[in-house]
Student: 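The structure is given below, and queries will be raised subsequently.
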Amino acid sequence: FEEALKMRNCLQEFAKREGPLPTTILGLREHIFTGSVSSLANYMALQEISFVTLGQRVLTRPLHIRLHYGHPDVFDKLFFITRGGISKASKGINLSEDIFAGYSNVLRGGTVGFKEYVQFGKGRDVGMSQIYKFEAKLSQGAAEQSLSRDVYRMCHRLDFFRLLSFYYGGIGHYFSNVLTILTVYIVVYLMAVLAVFNLERIGNRLITPMGMIQMMLGGLGLLQTIPLFATLGVERGWLASAQEIFHVFITGGPLHFMFHIQTKATYMAQTILVGGAKYRPTGRGFVTQHTPMDEQFRFFAASHLYLGVELAAGLVLMGIYTDAGQYFGRTWSLWLASCSFLCSPFWFNPLTFEWRVVLEDYNVWLKWILGMSGGASKSWSMWWNEENAFYKGMPGTSKFLYVLKAVLFILLAEGIRRSNLFRSDMALHKPMFRVGYVIIFIVALAALSRLFSSFQRSVPYPVRRTVGILVFSGVGIGIITLIIEDANFIRYALAAYYFIGALCTLGLLFGVKIVKNFYLVHDVVCAHIIFIPLFILAGMQLPGMIQTWLLYHNALSADVVVSDILRYARKSQESGVSADVNDDMVEQITDLRKMVQRQQQMLAKAGLLTEADDQSLGTMKTGASSAISMGGSGNSSPSSIRLPAEAARPYNRAVSMSGIDVWSNMALGDVQAEEMRHQQSMGVTSQSPNLGNRVTSSQGGGEFSFSQPEAMPPRYG
């Protein structure tokens, strides 16, 4: 409310002139009220502080190149409607429609101001998939901007120094991400090629890598956190600022930001090479549920998982062949990039390390990988067709880049084949089985499997199952026999991996359908590279507890998940839904309640939970259980549920400028509004002094109270 009182001051800013041109857009500060939902939400809140506050402060003064970025800006309506308006016509080239308002403003003689005495509340994405869609949309929008006539005109009309600032504050950020990922890719393969061909020397002397210097230079990247640390220190206090930065690092913040560097680079490069930019609705809902593995794979395989496996394979190959030393010092940052691409989607996914969840994810993923129809969400085959459809419309100049990648694979394959890795002299060793016969046996089994798959629908399930097991066992035994009888086949297999990869890349470019089978094998291998560590970590149980505590400690200690449980329990009770829907909702509520119980136990064991908090959480669990049980029965509903006060947080977070926490209930979307509308339709007021028949819980000192009116008012309508 107090922010609305300042609108007169904001509007008065348009009457002032701080230069020769009028102020036509006034930018205001944002307050992200969803930062306490999870660690991901906290990262997005800090990212907004970094860009919306610090970045735009500098872009306004002294750079004088701030535009409109979709934030709570106030426009001079008369100026814009007399100069072509704000909206643009094309949903392709104008995908990021907000930035084009800033372009039009600069080209038509307006300026942009930025004031920080007013802030507006805003909710940001809190789930991994939501953030991924958001970053993908921005990256594709930036690629389309680089092809637009507005940017062309801007670049021809700005002076040199403002042009540099325009690049820094706009599409240059996304080009920098593309160059960063391209540099990582080139460095990995350059070091691998030098090691494989034994070229890590100058003349007859080995090169002397400076691994320790590289580690020291990498540590200088921490200096980029100093502006954020200073800003948080001024606003929240220096101890709270240090705790915030430390919390970002221990919860995996660097992995998250490196992961989305690749997100931006992928969609920026793909849109420039092929096109296909489109709007991606994120929903910005309240995410506390686990995302299945098959959905994660569909989201991140093409953009992150494939590249992570490829970089890891190149680094392992380089480690096998290198003679230069200081391997860790030279490759630690590259391994960090590879791990961030592979691990981030699963580390930031709730309940990833629960054994039951991992087992269920694996079964669902198997059904998806073997499915043949039903759309991309039901079949790997359909998903692969949709995911790689853009290669058909790729121009020849863009295909040339992929041809270079295929040539690089062939070069590595030839180097591995010529090397001395696992080289054995067959003249001194007589094999028990002739290698040629074993190869013929493996090829025959593969052909038999392919032939059998063409008419397997007409064969009973036991027969299909038996034949599949026999073929798989035969191929496995044949491969093991090859390796035992001739160790050279280990080297040949490594060379074949890169050689087949080159052929598949070329086949994908020119529409050869048979490469789809090789990509299926590749996806199965990539998925099991991820699943095997997940099964091991889930069996240990401790990683799951650590993940929940690190990522959701803020949310659970602030009663966010508990509030979600109670409100959905009440909605289930009062809506009179069908039994199946009600059972599904109760199951989801039960899972969330178990998460709260585990969180409480972990906090108590770690000494982070006081007796008062313990009693409060115990009361919340009891209240949630009663709400669920009442929701399953047909009894009359309680009129109001009052949530307990917010528990203590490990460090302070920003509230409204008056010190009142006015944003906490807004983080749950429209649930509060739905409750109010339902209460009004039932004639129930949660804070009415005339309510009777009040029942107060005996635990927790009256934290929960259920009230019901003595007489129901008449219905209207």
Side-chain angles (χ1 to χ4, degrees), residues 176 178-221 258 261-262 265 306-342 400-429 482-483 486-506 529:
S176 299
V178 174
L179 295 176
T180 300
I181 297 300
L182 181 62
T183 302
V184 170
Y185 195 84
I186 292 176
V187 167
V188 168
Y189 276 103
L190 179 62
M191 292 195 301
V193 168
L194 291 177
V196 167
F197 285 93
N198 197 21
L199 297 176
E200 295 179 319
R201 57 186 70 247
I202 301 174
N204 295 324
R205 182 174 61 86
L206 281 174
I207 61 175
T208 304
M210 300 296 180
M212 296 303 297
I213 294 180
Q214 293 181 29
M215 296 179 65
M216 294 176 60
L217 292 176
L220 294 178
M258 293 180 67
I261 287 176
Q262 168 60 8
Y306 293 164
L307 180 61
V309 172
E310 188 178 342
L311 293 180
L315 291 172
V316 170
L317 197 65
M318 178 250 183
I320 293 174
Y321 284 96
T322 185
D323 295 324
Q326 297 193 25
Y327 177 77
F328 178 76
R330 297 159 59 194
T331 62
W332 68 272
S333 58
L334 304 174
W335 274 113
L336 184 61
S338 177
C339 292
S340 69
F341 301 157
L342 290 173
F400 179 72
L401 297 177
Y402 290 90
V403 172
L404 290 179
K405 181 179 178 180
V407 171
L408 179 60
F409 286 168
I410 294 175
L411 183 65
L412 268 178
E414 181 63 17
I416 295 172
R417 189 188 66 82
R418 293 182 179 183
S419 67
N420 294 322
L421 181 67
F422 295 107
R423 182 177 293 275
S424 62
D425 189 358
M426 297 303 296
L428 303 177
H429 173 69
L482 276 180
I483 295 175
D486 189 357
N488 290 312
F489 277 93
I490 299 178
R491 185 175 73 257
Y492 297 156
L494 289 175
Y497 171 78
Y498 284 99
F499 186 74
I500 294 175
L503 294 181
C504 289
T505 301
L506 295 175
I529 290 175

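Values below: all heavy atoms of this structure, side chains included; hydrogens, waters and symmetry mates excluded.
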Student: Quick one: pull up CG in L307 and CG in L342 and give me the separation to the nearest 0.5 Å.
Tutor: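 Spacing of CG (L307) from CG (L342) equals 8.5 Å.
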Student: Can you give me the closest heavy-atom contact between A406 and A502, atom names plus distance?
Tutor: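 Shortest heavy-atom separation between A406 and A502 comes out as O-CB, 3.4 Å.
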Student: Atom CE in M318, atom CG in L194: separation rounded to 0.5 Å?
Tutor: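 One finds 9.0 Å between CE of M318 and CG of L194.
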Student: What is the minimum heavy-atom distance between G314 and A192, and which atoms define it?
Tutor: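 That would be O-CB, 4.0 Å.
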Student: Write down the atom of E200, the atom of A195, and the distance for their closest heavy-atom approach.
Tutor: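 Closest heavy-atom pair between E200 and A195: OE2-CB, 3.7 Å.
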Student: Between Y185 and E310, is there a side-chain donor-acceptor contact under 3.5 Å, judged purely by atom types and distance?
Tutor: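 Yes, a side-chain donor-acceptor pair sits under 3.5 Å.
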Student: Relative to each other, are the rings of Y189 and F409 parallel, tilted or perpendicular (30° and 60° limits)?
Tutor: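 Rings of Y189 and F409: tilted, 30 to 60°.
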Student: Can you tell if the side chain of V193 reaches within under 4.5 Å of the side chain of L408, non-hydrogen atoms only?
Tutor: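 V193 reaches L408 side chain to side chain.
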Student: In this structure, which one of L311, T331, L317 forms a side chain to side chain contact (heavy atoms under 4.5 Å, CB included) with V188?
Tutor: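 Considering L311, T331, L317, a side chain to side chain contact (heavy atoms under 4.5 Å, CB included) with V188 is found only for L311.
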Student: Provide the closest heavy-atom pair for S333 versus M258 in the form atom of the first, atom of the second, distance.
Tutor: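 Minimum heavy-atom separation between S333 and M258: O-CE, 4.5 Å.
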Student: Looking at F499, I want to see if its CZ is surrounded by more than 12 non-hydrogen atoms of other residues, nucleotides or ligands under 6.0 Å.
Tutor: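 It does not: F499 CZ has 12 such atoms or fewer within range.
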Student: Looking only at heavy atoms, what is the nearest atom pair of I181 and A265, with distance?
Tutor: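 What the structure gives for the nearest pair is CG1-CB, 3.6 Å.
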Student: For a quick test of reading the model, state the closest non-hydrogen atom pair linking G308 to S338 and the distance between them.
Tutor: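 So the minimum-distance heavy-atom pair works out to O-OG, 2.8 Å.
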Student: Report yes or no: do Y327 and T322 form a side-chain donor-acceptor pair below 3.5 Å?
Tutor: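 The answer is no; no qualifying pair exists.
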Student: Got a second to check how far L404's CG is from T505's OG1, nearest 0.5 Å?
Tutor: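 Separation between the atoms: 11.5 Å.
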Student: Report the distance from atom CZ of F328 to atom CH2 of W335, rounding to the nearest 0.5 Å.
Tutor: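 Reported value, rounded in 0.5 Å steps: 11.5 Å.
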